[in-house]
There are 2 protein chains.
Amino acid sequence: MRELTIGEAARQAGVGVETIRFYERRGLIDRPLKPHGSGFRIYPAEQIKRIKFIRQAQQIGFSLKEIHELLALRADPKADCSMVREQAVAKLEEVRRKIEQLRQIDSALEALIAVCPGCGALQACSILDTLVEPSRGPVPRIEAEGPLPTASPQRTRQRNGRFGGNNRGTINKRSGPP
Amino acid sequence: MRELTIGEAARQAGVGVETIRFYERRGLIDRPLKPHGSGFRIYPAEQIKRIKFIRQAQQIGFSLKEIHELLALRADPKADCSMVREQAVAKLEEVRRKIEQLRQIDSALEALIAVCPGCGALQACSILDTLVEPSRGPVPRIEAEGPLPTASPQRTRQRNGRFGGNNRGTINKRSGPP
DNA sequence: CTTGATTCCGTACCATAGTACGGACCCTAT
DNA sequence: ATAGGGTCCGTACTATGGTACGGAATCAAG
C-alpha cells in the first residue's frame with residue numbers, strides 16, 4: 001500500500017481529515033493533485049510520518065509556524081547553507097532549553113512521588129518548592145516552612161462610590177516580542 | 001522587598017499585568033485581597049516563581065489546565081495521597097515522553113548540523129529523514145533516495161459541472177478523546 | 001487637594017489550531 | 001444507472017490563551 005486517500009491517511013496518522021486539509025493550507029504538507037485521473041488527493045505513505053511529526057512537535061510546545069521552520073530545515077546545497085545551519089543551531093538550543101525544563105519538572109515530580117507514598121505526616125509540598133528551592137541531596141527533605149502560595153477559590157469584594165479619573169497610554173511592555 | 005503590586009509582579013515575572021489577572025481568573029494563582037488597607041492586589045514575592053513556572057510549563061507543551069493539575073499536585077496528608085501519587089506518576093510519564101521526543105529532535109538537528117557545514121554536494125535532507133529512519137551509526141549518511149515529501153506552494157485546480165448528491169453523517173472519529 | 005500613575009473590573013477583541021457544515025462532486029458496486 | 005460513501009471546497013464556528021479598552025477608583029507626590 002503506497003498511496004492513501006485523505007481518509008486513510010488521517011486514520012493512519014491519528015488525525016481528522018479536516019486537520020490534514022488544514023495543514024495543507026498552512027503549507028505544512030503538500031498535496032499531489034490527482035496524479036493519474038482526477039479529483040482526490042492521494043498521499044504517498046511517507047507523508048504519514050510528516051503528519052505524525054507535526055503532532056509530536058506540537059505536543060512538546062512547538063507552534064505550527066515553528067514546526068514549519070523545523071521541517072524546512074534541510075541540508076540543501078541549493079539553499080544558503082550557513083543560514084540553514086544557523087537556524088538549526090538556534091532550534092537545537094531551543095530544544096535543549098525545553099529538555100532542561102522538562103528535566104527539572106521530572107525531578108520535581110520524582111521528589112514528590114518519593115515523599116508521597118508513605119502518606120505520613122508531611123507538610124504540603126507542591127512541585128514548585130521542589131523546583132525552585134535548590135534542594136541539596138538526592139531526595140529533598142521537606143520540612144514545614146510556612147504557608148505556600150496556594151490557589152484557593154476565595155473572593156470577597158465590593159465597590160460603591162464613583163467619580164472621575166482616566167488613564168490613556170497603554171503601558172504593558174514586557175520582555176520579548178508580542 | 002516582600003510584597004509586590006501587580007505591575008511589579010508582572011515586570012519581574014516577565015508577563016503583562018492582564019496576564020496575571022487572567023491566570024487569577026483561571027485559578028492558577030490566587031490573590032491576597034488588600035491585606036491591610038483596601039483596593040489593590042499585593043503579591044508575596046514567591047508568587048513570581050509560580051508565574052514563571054506557568055510560563056515555562058507552557059513552553060514545553062502543557063496547557064493551562066494541565067499546569068493547574070501540576071501545581072495542584074502536592075504531598076498533602078489531608079488529601080487522598082494515593083490519588084496524588086497516581087497523578088504525579090502519570091505526569092511523570094508524560095514528561096518523559098516529551099523528553100524522549102525532544103531528544104529525537106535534538107539528534108535529528110545535530111545530524112543535520114553535522115552534515116551541513118561543509119555545504120558540499122549533499123542531497124536534500126530534512127529533519128524528518130533523520131528522525132524517522134532508524135539511522136544506524138553516530139551520524140547518518142544520507143544518500144539520494146528519491147524525492148522527499150516537500151511542501152511547495154503548488155496549486156492548480158478547477159471545477160465546472162454540477163448535479164445532485166448529498167452526505168450527512170459526520171464520520172471523523174480518530175484515536176483519543178476530543 | 002490636585003495630579004498623574006496604577007489599579008480595578010468587565011467586556012471586547014485577537015491569533016492559533018483546529019472542527020463542523022453545506023452543498024456539490026466523484027467512484028465503486030450493484 | 002443509481003445509490004451510498006468518501007471527497008471536494010469554502011465558510012463558519014469553537015476553544016484556548018491571552019490583549020486591549022473604557023471608565024471608575026485609589027495611591028503617592030507635590
> Of all the choices, C/dC21, C/dT7, D/dC21, which nucleotide is nearest to the side chain of A/E18 once you look at every atom?
Replying inline: C/dC21

> Whole-Å distance between D/dG17 P and B/E24 CD?
Replying inline: 17 Å

> According to a strict under-4.0 Å criterion, is A/R41 in side-chain N/O contact with OP1 or OP2 of D/dT7?
Replying inline: no

> Can you check the A/I6 CD1 to D/dG6 P distance for me, whole Å?
Replying inline: 13 Å

> What integer distance in Å separates A/F22:CZ from D/dC13:P?
Replying inline: 17 Å

>> Just the rounded figure in Å: distance from C1' of C/dG18 to CD1 of A/I51.
In response: 14 Å

> Nearest of C/dC26, C/dC8, D/dG18 to any side-chain atom of A/F40?
Replying inline: C/dC26

>> With a 4.0 Å cutoff (strictly under), does any side-chain N or O of B/T19 reach OP1 or OP2 of D/dG17?
In response: no

> Are B/K98 and B/F62 in a cation-pi contact, defined as NZ or CZ under 6.0 Å from the six-membered ring centre and within 45° of the axis?
Replying inline: yes

>> For A/L28, is there any backbone N or O sitting under 3.5 Å from a side-chain donor or acceptor partner on A/R50?
In response: yes

> Looking at C/dG18, D/dT11, D/dG18, which one has an atom nearest to any side-chain atom of A/R25?
Replying inline: D/dT11

> For the pair made of CD1 in B/I20 and P in D/dT19, what is the distance, rounded to whole Å?
Replying inline: 11 Å

> If you find the nucleotide of DNA chain D closest to B/R26 and the one closest to B/R21, which residue's nucleotide is nearer the 5' end?
Replying inline: B/R26

>> Just the rounded figure in Å: distance from C1' of C/dG18 to CG of A/L64.
In response: 9 Å

> What is the distance, rounded to the nearest whole Å, between atom CD1 of A/I29 and atom C1' of C/dG18?
Replying inline: 13 Å

> Is any side-chain nitrogen or oxygen of B/Q58 closer than 4.0 Å to OP1 or OP2 of D/dT16?
Replying inline: no

>> As a test of reading the structure: which of C/dG18, C/dT7, D/dC21 is closest to the side chain of A/Y23, going by heavy atoms?
In response: C/dG18

> Closer than 4.0 Å, any side-chain N/O of B/R31 to the OP1 or OP2 of C/dC9?
Replying inline: yes

> Between A/K49 and A/E46, which heavy-atom pair has the shortest distance, and what is it?
Replying inline: CG-O, 3.0 Å

> Nearest to the side chain of B/V17, which nucleotide is it out of C/dC9, C/dT7, D/dT7?
Replying inline: C/dT7

> Which residues pass the side chain to side chain donor-acceptor pair (under 3.5 Å) test with B/E100, sequence neighbours left out?
Replying inline: none

>> B/Q101: which residues meet the side chain to side chain donor-acceptor pair (under 3.5 Å) condition with it, sequence neighbours left out?
In response: none

> To the nearest angstrom, how far is B/I54 atom CD1 from D/dG17 atom C1'?
Replying inline: 12 Å

